[in-house]
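What's counted below: heavy atoms across the whole structure, side chains too, no hydrogens, waters or symmetry copies. Throughout, a chain's letter reflects where its sequence line sits, starting with A, and its residues are numbered from 1.
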Protein chains: 4
Amino acid sequence: MARKAGSDGSKTAEAIRAAGLRLIFEHGYEGMSLRDLAQIVGIQPGSLYNHITTKQALLFDFLVEHMTRLTEALDAALAGIESPLARLDTFIEFHLRYHLTRRMEVFVNNSELRSLEPQNRAVVTGLRRDYERRLEQILAEGTRSGALNVPDVTIATFAIIAQLTGVVGWYDPKGRLGEDEIIAIHRQLVVGGLLPIP
Amino acid sequence: MARKAGSDGSKTAEAIRAAGLRLIFEHGYEGMSLRDLAQIVGIQPGSLYNHITTKQALLFDFLVEHMTRLTEALDAALAGIESPLARLDTFIEFHLRYHLTRRMEVFVNNSELRSLEPQNRAVVTGLRRDYERRLEQILAEGTRSGALNVPDVTIATFAIIAQLTGVVGWYDPKGRLGEDEIIAIHRQLVVGGLLPIP
Amino acid sequence: MARKAGSDGSKTAEAIRAAGLRLIFEHGYEGMSLRDLAQIVGIQPGSLYNHITTKQALLFDFLVEHMTRLTEALDAALAGIESPLARLDTFIEFHLRYHLTRRMEVFVNNSELRSLEPQNRAVVTGLRRDYERRLEQILAEGTRSGALNVPDVTIATFAIIAQLTGVVGWYDPKGRLGEDEIIAIHRQLVVGGLLPIP
Amino acid sequence: MARKAGSDGSKTAEAIRAAGLRLIFEHGYEGMSLRDLAQIVGIQPGSLYNHITTKQALLFDFLVEHMTRLTEALDAALAGIESPLARLDTFIEFHLRYHLTRRMEVFVNNSELRSLEPQNRAVVTGLRRDYERRLEQILAEGTRSGALNVPDVTIATFAIIAQLTGVVGWYDPKGRLGEDEIIAIHRQLVVGGLLPIP
DNA sequence: CATGAATGAGTTTTCATTCAT
DNA sequence: TATGAATGAAAACTCATTCAT
């Protein structure tokens, strides 16, 4: 039997992406099997290869796409905002909202870099650095203008991103706190550590 | 032929632990093969089973041992320190020093919880909560005494630990900054966000 | 979308034959994949089936066609030549020239009989025997007439064909020797072993 | 179940070699499956890998071993024989006898060079050339001493080997002719074409 | 305590072929 | 005639684990 009645290539492709992301999230890249993926999608394992080129490419595409979209969305959010403090505020809010709504993508992005082949890893690492550099520049400009008192711009960048990204580890959409509250709390934690001593 | 000349049981066991940790760190639990482990140790795969009971048990033991030692060492570091601010300072320094010197253990601990079987995961998660609770209590007492202005004790706990633990992702012992400097920087970032507004 | 602009059925069929022969020559029948074939031709694998019925049939057709043409061409070359010695000379020259110019066909013919399904193999084997019988008869008549001293007609037939066909294994069109020289050399080797002792 | 009662590593290894050779002979390298091989040997497919490193290595080992043994045996056969004519006689007899008794090895050797990876192919091709060079030197010395009238030493070498090797294509141990007769016939065919014209 | 041979289930990937469009 | 999506079987190879020796 060739094409199943009602089958649709682009639907299948999307189903593969969705199930693939979920499985990598749940079991890790190495722990996820294409058999399982195929079964969830409802096709034979070999049929996956009409839509992906390789298991590795599936992961790579996820990570590249995630980082690309993330940075683009950040740039859009920051557009037109000038003062370093306001930009920092915007970054915090943007980063949290984006990460809270794409928890699987984020988790995979952070935990599966290791599973990329060296070439691919270099690409994704580069994209990450692009993103981090946005925050780094905000901190640097805030320091220059005297609006912020940053102990070490590079490290503060890493530390802030680590802190904000940490929410994906415990956030529960049905939990005690909503997005707005979480944002407010982190704003205080982050900005408080960066304000000039009066 | 049974035992190779010069072989030594406890040395072998230790070699398995060391190489096992490294391999899980590099490839992840699923991505690490007992064959590779055996080869590094210099024995046949089957011989591993004289020293471990199961691949899963190897991981589980790592995580339990790590968490147990970590919490014990924290308690020792905090012993005799009374004021919440001093206890917070101590926590920050302890956590950073411990994590900077055991980066592989820490990374494995954070990324491989997912690979534990449910029962085992529950155990390790419990141990983690024990550790986190130490910081939570410091923040709670600081709040009560008015020494700290913590927006949300639970979330601040997660956020601080995420921030401090983030160092294992980029720290380079041969890098620009030594441990002491890193500690000082993080102290400012963390404590600055928690001080009462004057 | 059905037919690509500029596509042409018979051109495609011919391209399939050409690329198919080359691929079987290079990788063997089992080692050649219809996917590769389709890619070389520039169509999708499924589209091959508008031109071939089966991978096996593709091979079978090659071999049948080759053997048929070979024998027909031999008969044409021998037409009108009467004396056994002259016919032997003609056979040697014909066989070498034909094989030197169709090296891929010949190689495939000799190495892929094994890959034919039994029925098909029987057909091709029969065609081969037809061809061999031409030489066998020349040797038999030469023996009868006293023009040749053949130790064993059957075996000499196999031996001569093996010897002459061997050229496809090493002949290089840009090499030291041209066709004419190769023919002359083999004529001496073959005929020398068959002349009556004076 | 680990080791089957009565299992024996070296017996298994030998069984793999024997069955492997047969399967490659029957189906070609590409057409032979390790599943089938394992089944014949009576073990699981994965267990093959306790004895071979790779399918390719299995083939490579066959070919290297065959060529090495062949050349060594030839050297032994030629030892002490001085006159070119006698050496040629010895070569013919040796080559035929060896090839008649190892028909599978020979066939595989001739048809599966193509299936070797380039590096491996280079090795085996080198070994083949070593063997051919033995005959080449006999013909060259025979020419120098005037005992032989060889039209072209290089080509005659190829032609003779092709002719003699051709026997593996049709020889039937239960057939009309025994080894001795086949040798006698080929001796006439070969030597007849090389004798000086009286 | 170690080896070497085995299991049985699993891995990713490839293949010839089919068929609705 | 061609495409693109599918099948179902198979490929080579890996894996954690077992156990007689």
Using atom NE2 of C:H27 as one end and atom C1' of E:dC15 as the other, report the distance to the nearest whole Å.
-> 15 Å
Below 4.0 angstrom from OP1 or OP2 of E:dA6, is there any side-chain N or O of D:Q44?
-> no
OP1 or OP2 of F:dT3 less than 4.0 angstrom from a side-chain nitrogen or oxygen of C:S47, does that happen here?
-> yes
With pairs defined as Watson-Crick or G-U wobble and both distances under 3.5 angstrom, please note down DNA chain F as a dot-bracket string, | for pairing with another strand.
-> .||||||||||||||||||||
Between OH of D:Y49 and C1' of E:dA5 the distance, given in whole Å, is 16 Å
How many Å lie between CG on D:N50 and P on F:dT18, as a whole number?
-> 16 Å
Please state whether the base of F:dA16 and the side chain of B:R35 form at least one donor-acceptor pair under 3.5 Å?
-> yes
Rounded off to whole Å, could you give me the CG-to-C1' distance for the B:L48 and F:dC19 pair?
-> 15 Å
Spacing of CD belonging to D:E26 relative to CG belonging to D:D36, to within rounding of 0.5 Å | 10.0 Å
Rounded to whole angstrom units, what separation is found between the NZ atom of A:K11 and the P atom of F:dA6?
-> 11 Å
Would you mind reading off the distance between D:I43 atom CD1 and E:dT7 atom C1', rounded to a whole angstrom?
-> 10 Å
Between F:dA12, E:dA16, E:dT13, which nucleotide has the shortest distance from any of its atoms to the side chain of C:S33?
-> E:dA16
Side-chain N or O of A:H51 closer than 4.0 Å to phosphate OP1/OP2 of F:dG4 | no
Whole-Å distance separating the NZ atom of C:K55 from the P atom of E:dT14 | 15 Å
Nearest-Å distance for atom pair CG/C1', residues D:D36 and F:dA11 | 11 Å
Phosphate OP1/OP2 of F:dT1: any C:T12 side-chain N/O under 4.0 Å = no
Under 4.0 Å between a side-chain N/O of A:T54 and OP1 or OP2 of E:dT12, yes or no?
-> no
